[in-house]
Amino acid sequence: MKKHTPLTPKFPHMLHGGDYNPEQWLNCPEILEEDIHLFQQANINCVTLGVFSWANLEPKKDHYTMEWLDSIIDKLYANGIYTILATPSGSRPQWLAAEYPEVLRVRSDGMRNLYGQRHNHCYTSPAYRERVQKIDKTLAKRYARHPGVILWHISNEFGGECHCPLCQEAFRQWVKNKYGTLDALNHAWWTNFWSHTYTDWAQVHSPSPIGEDSVHGLSIDWRRFVTEQTVSFMKMEIDTVKAVDPSIPVTTNMMNWYTYELNYYQFREILDVISWDNYPEWHNPWGNTEIAKECSFTHDMMRSLKKRPFLLMECTPSATNWQAVSKLKKPGMHALSVINAVAHGADSGQYFQLRQSRGSCEKFHSAVISHTGTANTRTFREVAKIGADLEKLSDLVYGSESPAQVCILHDPENKWALDCCRGPRNAGLDYFGNLRRNYSYFWKNGINIDVIDSTYDLDGYSLVIAPMLYMFREGIQDKLRKFVQKGGTLVTTCFTGVVNETDLCFLGEATQEKLSDVLGLWVEEVDSLYDCETNHMTWNGKRYALRELCEVVHETTCETLAVYESDFYKGAPALTKNHFGDGMAYRICSMADDAFFYDFYDKLAAQLGLERAIQAQVPDGVSITWRRQGTAKRIFVQNFLEQSALLSLDQPYRNLLTGTILSGNVTIDGYSFLVLTPAETESP
């Protein structure tokens with residue numbers, strides 16, 4: 001396998017840097033000079049500028065003051081530090097909101113916001129779009145051809161929604177374009193329920209707590225509209241800067257499970273590289289292992305968006321200041337969290353923030369350079385160390401592949417539907433828990449896994465996992481049917497294949513819409529369990545707990561592998577498999593614990609011959625991930641526990657950071673990692 005094309009020929013290496021806000025220090029030029037020296041000591045090779053600089057770039061309408069930015073970019077470049085330049089649309093200046101009140105968002109209850117916060121602006125507003133285009137064009141003309149500018153950072157952490165009259169009219173037009181006629185709209189949204197039939201397009205309004213919020217098709221379509229309006233705004237910014245110089249790549253920084261507000265999978269076509277901001281709650285009472293899985297899952301999702309390396313655009317060097325309890329990262333955890341991103345496909349380690357703010361709401365958010373303004377802090381030293389490690393790894397890892405034979409279907413639109421489905425468990429349908437339990441085995445055992453949605457092609461995978469895919473969006477049935485028919489293995493769980501993409505329930509017993517032919521069964525009813533309740537099943541000689549939901553299914557052609565142990569459906573299928581074409585489809589009819597998924601996928605992995613990083617028993621709390629450069633594996637062994645762990649290697653490996661050969665039993669210290677490659681593939 002060849003490397004991916006570098007992000008930019010200007011600096012085709014691992015990026016190490018972060019968000020820098022020199023506009024806060026323009027009255028302290030000695031601090032700005034010292035920052036560059038400290039960046040060099042910390043092995044910083046890039047900074048992100050301009051994210052929140054609009055008021056300094058354009059202090060009043062059409063009056064631009066960018067000389068300070070000229071000086072910063074020039075000095076950074078002269079000292080070997082590159083610039084990721086942001087468009088400033090994430091936070092507008094006071095004068096703009098005062099002159100154009102329409103740019104401020106309207107809440108779902110109809111009240112317009114006052115000026116303040118970030119992303120408090122309407123993506124539909126022609127006035128806001130015009131002002132953003134103007135400053136973006138000015139920035140692009142001034143800096144696009146600067147040798148130190150390597151990437152456009154479009155806005156910042158897109159999110160939120162606006163319910164103003166402009167957005168209402170845009171939503172009505174969006175709905176009209178989608179459905180064509182009111183009859184089609186009323187059928188899709190099933191509005192005869194409660195006599196909510198629409199008789200005029202003007203009656204269509206966004207979901208509101210003081211209006212309509214019981215029509216689920218409306219709520220889901222509103223989320224789709226918000227995503228498309230966000231994408232439209234982002235594309236407007238991208239087109240503006242690309243018109244000046246199309247060679248500079250573009251990105252925007254996404255956020256963890258914000259994909260449940262916006263469908264990030266729709267961002268992938270317009271961005272050149274994916275990036276995201278990772279702020280987990282390390283050292284919490286429920287354990288680092290679950291947090292590590294969540295971070296890794298999101299890293300894999302970000303990599304899978306374009307199936308190429310992504311950027312870790314932000315993480316905290318130590319503590320945040322906005323979590324309920326903002327813990328310091330214990331020694332080793334910062335480097336481990338950065339290498340975890342690299343292990344799952346990142347070509348960077350970047351931070352918010354490089355210099356700690358002196359005032360306002362993020363003054364206690366940690367930074368590479370703290371309020372001390374020196375290199376004499378533990379955090380600074382740890383940042384410098386991981387920066388040096390990334391430099392060593394750059395030629396060995398940068399641009400490398402993360403080949404996967406397994407994918408898990410994670411569909412944000414499915415989550416939107418689950419959030420408003422009203423039953424069978426209003427105490428919570430644990431969609432992410434289901435995803436994580438299916439993901440855990442692969443995360444731990446060095447089997448790469450893609451995280452994709454229903455719009456992706458399934459060719460090339462051996463195993464497709466669809467946990468709680470309640471909503472079957474148009475076309476997914478055909479994809480899954482063909483995948484199994486051609487020899488693939490499909491795993492589905494309870495509450496999969498219940499509604500179509502407008503949230504209408506599928507009718508009939510065994511139908512192709514529900515994939516009944518592929519699964520060899522149909523679902524009669526679903527029992528909900530209280531949190532204190534469990535059922536059980538025995539499979540392969542072991543007994544497993546079942547929780548939350550239990551489907552009562554009827555076999556048609558499937559084979560029953562395990563049955564429920566109790567309740568009125570005792571003896572009914574709890575786990576099934578069905579031969580279909582040349583492949584196999586499994587149904588897990590309840591929500592099983594981790595123990596089952598580890599055993600189940602261990603057996604499937606062996607049957608399918610899935611490629612692992614190494615052949616080893618992996619201790620609890622340890623995760624193994626790998627990337628491939630050419631024919632050589634780059635294997636990342638990560639210990640997320642405070643105590644050390646012992647790993648038995650299956651062959652000699654070279655430690656890529658030290659050059660030493662490791663074999664036999666190897667100790668991985670707590671909050672530590674190893675980067676290995678088979679010894680025979682690398683010379684010293």
Side-chain angles (χ1 to χ4, degrees), residues 92 96-97 99-115 119-133 158-236 260-263 266 412-422 471 473-474 499-505:
R92 79 247 56 82
L96 196 156
E99 184 165 344
Y100 304 98
E102 72 171 62
V103 308
L104 297 177
R105 285 180 178 169
V106 172
R107 302 184 327 202
S108 60
D109 62 3
M111 181 175 290
R112 190 177 293 275
N113 292 340
L114 300 175
Y115 176 86
H119 279 298
N120 178 16
H121 41 257
C122 171
Y123 294 140
T124 306
S125 163
Y128 195 62
R129 289 186 174 225
E130 179 185 358
R131 295 314 308 178
V132 169
Q133 277 184 302
F158 279 100
E161 59 190 47
C162 178
H163 297 257
C164 74
L166 291 168
C167 290
Q168 299 296 346
E169 187 54 40
F171 180 52
R172 291 184 192 107
Q173 190 59 51
W174 184 92
V175 170
K176 190 173 183 179
N177 290 342
K178 179 172 182 177
Y179 293 106
T181 67
L182 287 169
D183 285 345
L185 169 68
N186 285 313
H187 174 77
W189 290 358
W190 210 249
T191 56
N192 275 325
F193 184 79
W194 284 357
S195 198
H196 286 184
T197 304
Y198 292 90
T199 57
D200 193 295
W201 292 108
Q203 296 163 359
V204 173
H205 193 281
S206 63
S208 171
I210 60 171
E212 182 63 84
D213 65 358
S214 60
V215 174
H216 297 166
L218 164 66
S219 296
I220 296 165
D221 273 341
W222 171 253
R223 297 251 56 84
R224 291 172 176 142
F225 164 77
V226 169
T227 291
E228 289 192 21
Q229 205 72 345
T230 305
V231 169
S232 168
F233 185 89
M234 190 193 315
K235 188 174 187 304
M236 176 270 295
Y260 292 154
E261 180 172 329
L262 296 171
N263 183 354
Q266 289 195 23
E413 296 193 15
N414 177 65
K415 179 63 164 61
W416 300 341
L418 285 168
D419 284 345
C420 61
C421 73
R422 298 294 189 273
M471 172 185 282
R473 291 166 66 188
E474 186 176 354
V499 300
N500 70 6
E501 64 179 19
T502 64
D503 202 47
L504 297 184
C505 294

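Please read all numbers here as calculations on a predicted model, not as lab measurements. Values reported hereafter were calculated over all heavy atoms of this structure, with side chains retained and with hydrogens, waters and symmetry mates removed.
- Side-chain N or O atoms of N263 include none that pairs as donor or acceptor with a backbone N or O of R224 at under 3.5 Å.
- Using modelled atom types, no side-chain atom of T227 and backbone atom of L262 make a donor-acceptor pair closer than 3.5 Å.
- In this structure the side chain of S214 reaches within 4.5 angstrom of the side chain of W194, judged on heavy atoms.
- The two residues E102 and C122 come nearest to each other via the heavy atoms O-CB, 4.0 Å.
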Intermediate values then yes/no, side-chain contact (heavy atoms from CB on, under 4.5 Å), Q173 and W201: CA-CA 9 Å; Q173 190 59 51; W201 292 108; over 6 Å; no
Verdict with reasoning, H216 to W416, per side-chain contact (heavy atoms from CB on, under 4.5 Å): CA-CA 9 Å; H216 297 166; W416 300 341; over 6 Å; no
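- Of the possible polar contacts, none joining the D213 side chain to the P209 backbone as a donor-acceptor pair under 3.5 Å is found.
- Residues H119 and H121 meet the side-chain proximity criterion, which asks for heavy atoms closer than 4.5 Å.
- Residues passing the side-chain hydrogen bond (donor to acceptor under 3.5 Å, both in side chains) test with D183: none are found, sequence neighbours excluded.
- Of all non-hydrogen atoms in A184 and Y179, the two that sit nearest each other are CB-O, 3.4 Å.
- Side chains of Y128 and L96 form a contact here, defined as non-hydrogen atoms less than 4.5 Å apart.
- In this structure, Q203 places its CD atom where more than 12 heavy-atom neighbours from other residues, nucleotides or ligands lie under 6.0 Å away.
- Side chain of N120 to backbone of L104: no donor-acceptor contact under 3.5 angstrom is found.
- Remark: R112 pairs with no residue by the salt bridge (Lys or Arg N to Asp or Glu O under 4.0 Å) rule, at least two apart or across chains.
- By the 4.5 Å heavy-atom criterion applied to side chains, S232 and M234 are not counted as neighbours.
- Counted within 6.0 Å of CH2 on W174, heavy atoms from surrounding residues, nucleotides or ligands total more than 12; the atom is thus considered enclosed.
- With a 4.5 Å cut-off on side-chain heavy atoms, I220 and C420 count as touching.
- Note that CZ of R131 is 11.5 Å distant from OG of S125, once rounded to the nearest 0.5 Å.
- Between the side chain of T230 and the main chain of V226, a donor-acceptor pair closer than 3.5 Å is present.
- Rounding to the nearest 0.5 angstrom, the gap separating the CZ atom in F225 from the OG1 atom in T124 is 5.0 Å.
- Taking 4.5 Å as the limit, some side-chain heavy atom of N192 sits within range of a side-chain heavy atom of T197.
- No side-chain heavy atom of V175 sits under 4.5 Å from any side-chain heavy atom of Y198.
- No more than 12 heavy-atom neighbours from other residues, nucleotides or ligands sit within 6.0 angstrom of NE2 on H187.
- Residues H163 and Q168 have side chains in contact (heavy-atom distance under 4.5 Å, counting atoms from C-beta outward).
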